[in-house]
Novice: 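Dropping the structure in here first, questions after.
In the text below, chain A, chain B and the rest are named by the order of the sequence lines, each starting its count at 1.
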There are 2 protein chains.
Amino acid sequence: MKDIRARLIPLLEKGQCTPRISQLAKKLGEPSTTIHYNVKKMEREGAIQAYKAVFNYKSIGQGHCTYLLINLRQENYGDPEQVARDLAKNKNVESVDICTGEYELIVKLRSKDIDEYYQWVKVAIRKYGFAKTISLTSLKQLKTEFVELE
Amino acid sequence: MKDIRARLIPLLEKGQCTPRISQLAKKLGEPSTTIHYNVKKMEREGAIQAYKAVFNYKSIGQGHCTYLLINLRQENYGDPEQVARDLAKNKNVESVDICTGEYELIVKLRSKDIDEYYQWVKVAIRKYGFAKTISLTSLKQLKTEFVELE
DNA sequence: ATGATTATTGAATAATATTCAATTATTTAT
DNA sequence: ATAAATAATTGAATATTATTCAATAATCAT
């Protein structure tokens with residue numbers, strides 16, 4: 001048996017989807033060509049970045065979710081962007097923001113379980129030189145990526 | 001002129017998209033019917049919740065993004081889920097999590113600007129009885145919803 | 001081992017996106 | 001204010017793509 005699912009998930013998570021023009025047209029009561037024109041324009045202008053799937057992360061083996069509030073060490077403090085850009089490339093990272101306030105970075109992290117999470121953090125602390133890190137682990141997700149769950 | 005865009009955004013933000021079966025098939029070197037079968041199965045099983053657009057939020061007038069770390073007041077403390085569920089319905093809310101640690105809730109909020117943000121928070125504090133709130137405002141988003149930006 | 005269920009796949013069909021050209025609306029320049 | 005230029009809307013025609021179906025292969029349960 002081919003493990004199609006394992007190869008599909010990372011593609012669908014990032015993109016590889018497309019708007020349903022005719023459905024949108026029906027829903028808005030407009031001709032589908034009008035919807036098509038407007039959507040393509042938004043894509044051209046960069047207002048739309050991607051079309052993607054939202055998963056029930058538990059059921060795809062990514063059930064552990066933690067928000068990391070991060071202070072960088074002195075040597076990276078001046079350039080959080082370099083660290084942030086590198087974190088953004090990581091497949092477990094759902095989002096990265098450079099912030100005001102008490103922390104420089106906020107990272108939303110998804111992993112299989114608490115063990116994988118701990119492993120990830122251990123590596124990251126060493127690699128990026130986090131000075132201080134607060135972890136807020138999600139007990140229950142009510143909404144993610146604008147999609148209400150259950 | 002019809003303001004199609006304003007009506008499209010909320011639909012695309014939540015769903016109304018679909019996977020590109022044939023593209024995925026090409027990319028994975030598998031027959032499109034195999035991809036179709038696997039995707040539909042994931043949908044049936046609830047592993048896939050939705051297909052949606054990711055925006056450049058600045059360019060759709062949602063340029064302000066803040067993470068709110070929330071402590072509930074005594075009267076709601078026992079039932080954060082009720083509050084969370086209600087927050088999840090709000091169109092400015094990208095995500096809601098019930099958390100461990102120093103805060104009960106973490107909310108990711110998108111608004112037009114700091115004025116709209118302030119207005120939102122003022123109303124929310126009164127409505128939901130937040131005891132204490134920490135705000136972390138995003139200065140720059142490197143990644144959101146698994147999509148790397150710029 | 002054997003029957004039952006699940007997964008893979010090619011061929012045919014149905015649905016949908018896309019292109020194109022015409023029309024209408026809006027903006028810009030004078 | 002008017003004309004010219006640009007942008008947005010739309011129906012009809014075409015091109016893609018998803019979906020169904022039926023056959024086969026793989027896996028699972030007893």
Novice: Considering only residues two or more places apart or on different chains, which pairs with a residue in residues 49-68 of chain A satisfy salt bridge (Lys or Arg N to Asp or Glu O under 4.0 Å)?
Specialist: A/Lys52-A/Glu145

Novice: Over its full length, what angle do the end axes of the helix from C/dA1-D/dT30 to C/dT30-D/dA1 make, each axis taken from five pairs and the result rounded to 10 degrees?
Specialist: 60°

Novice: Where is the tightest heavy-atom contact between B/Ala47 and A/Ile60, given as atom of each residue plus distance?
Specialist: CB-CG2, 4.2 Å

Novice: Please find the earliest and latest nucleotides of DNA chain D, in the 5' to 3' direction, that have an atom within less than 4.0 Å of any heavy atom of chain A.
Specialist: D/dA7 to D/dT27

Novice: Go through residues 55-62 of chain A and report each residue with a non-hydrogen atom lying under 4.0 Å from DNA chain D, sorted by number.
Specialist: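 Here the set is empty: none.
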
Novice: Any Lys/Arg nitrogen of B/Lys40 or B/Glu45 sitting under 4.0 Å from an Asp/Glu carboxylate oxygen of the other?
Specialist: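 Here B/Lys40 does not pair with B/Glu45 in a salt bridge, since their nearest N and O are not under 4.0 Å apart.
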
Novice: Verify whether one side chain among B/Thr137 and B/Thr66 offers a donor that lies under 3.5 Å from an acceptor in the other.
Specialist: yes

Novice: Where the side chain of A/Glu13 meets the backbone of A/Ile9, is there a donor-acceptor pair that is under 3.5 Å apart?
Specialist: no

Novice: For DNA chain D, determine which residues of residues 3-23 of chain B have any heavy atom closer than 4.0 angstrom to one of its atoms, and list them numerically.
Specialist: B/Ile4, B/Pro19, B/Arg20, B/Ile21, B/Ser22

Novice: If a pair satisfies ring pair (Phe, Tyr, Trp, His ring centres under 6.0 Å) and one of its residues is in residues 12-36 of chain A, list it, with sequence neighbours excluded.
Specialist: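 Applying ring pair (Phe, Tyr, Trp, His ring centres under 6.0 Å) to every pair that reaches into residues 12-36 of chain A, excluding sequence neighbours, yields nothing.
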
Novice: Within a radius of less than 6.0 Å around CG of A/Leu139, do more than 12 heavy atoms belonging to other residues, nucleotides or ligands occur?
Specialist: yes

Novice: Under the 3.5 angstrom rule, does the side chain of A/Asn71 hit a backbone N or O of A/Glu102 as a donor-acceptor pair?
Specialist: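 Side chain of A/Asn71 to backbone of A/Glu102: a pair is present.
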
Novice: Would you jot down, in residue-number order, the residues of residues 26-38 of chain B having a non-hydrogen atom under 4.0 Å from DNA chain D?
Specialist: B/Thr33, B/His36

Novice: For A/Glu94, which residues count as a salt bridge (charged side-chain N to carboxylate O under 4.0 Å, His left out) partner, sequence neighbours excluded?
Specialist: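 Once residues adjacent in sequence are excluded, the partners of A/Glu94 under the salt bridge (charged side-chain N to carboxylate O under 4.0 Å, His left out) criterion are A/Lys108, A/Arg110.
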
Novice: Please collect all ring pair (Phe, Tyr, Trp, His ring centres under 6.0 Å) contacts where either partner lies in residues 101-121 of chain B, sequence neighbours excluded, each pair once.
Specialist: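 Matches after skipping sequence neighbours: B/His64-B/Tyr117.
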
Novice: Looking at C/dT18, I'd like to know if its phosphate oxygens (OP1 or OP2) sit under 4.0 Å from a side-chain N or O belonging to A/Lys40.
Specialist: yes

Novice: Check nucleotides 25-27 of chain C against the protein and report each pair of N or O atoms closer than 3.5 Å, with its distance, or say if there are none.
Specialist:
{"unit_1": "C/dT26", "atom_1": "OP1", "unit_2": "B/Met1", "atom_2": "N", "d": "2.6"}

Novice: When you measure from the side chain of A/Glu104 to the backbone of A/Leu72, do you find a donor-acceptor pair of N or O atoms at a distance under 3.5 Å?
Specialist: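 Side chain of A/Glu104 to backbone of A/Leu72: a pair is present.
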
Novice: Please enumerate all residues that pass side chain to side chain contact (heavy atoms under 4.5 Å, CB included) together with B/Pro31, with sequence neighbours excluded.
Specialist: B/Thr33, B/Thr34

Novice: Minimum heavy-atom separation for B/Ser135 and B/Leu68, please, with both atom names.
Specialist: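 Minimum heavy-atom separation between B/Ser135 and B/Leu68: OG-CD2, 3.3 Å.
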
Novice: So, A/Tyr51 and A/Glu43: side-chain donor and acceptor under 3.5 Å apart, yes or no?
Specialist: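 Yes, A/Glu43 and A/Tyr51 have a side-chain donor paired with an acceptor closer than 3.5 Å.
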
Novice: When you check the gap from the basic side-chain N to the acidic O, do B/Asp97 and A/Lys143 get nearer than 4.0 Å?
Specialist: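 No.
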
Novice: Checking A/Glu30 now: which residues fulfil side-chain hydrogen bond (donor to acceptor under 3.5 Å, both in side chains) with it, not counting sequence neighbours?
Specialist: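 B/Lys2, B/Arg7.
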
Novice: Would you call the rings of A/Tyr57 and A/Phe55 parallel, tilted or perpendicular, taking 30° and 60° as the class edges?
Specialist: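 Judged by the thresholds at 30° and 60°, the geometry between A/Tyr57 and A/Phe55 is perpendicular.
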
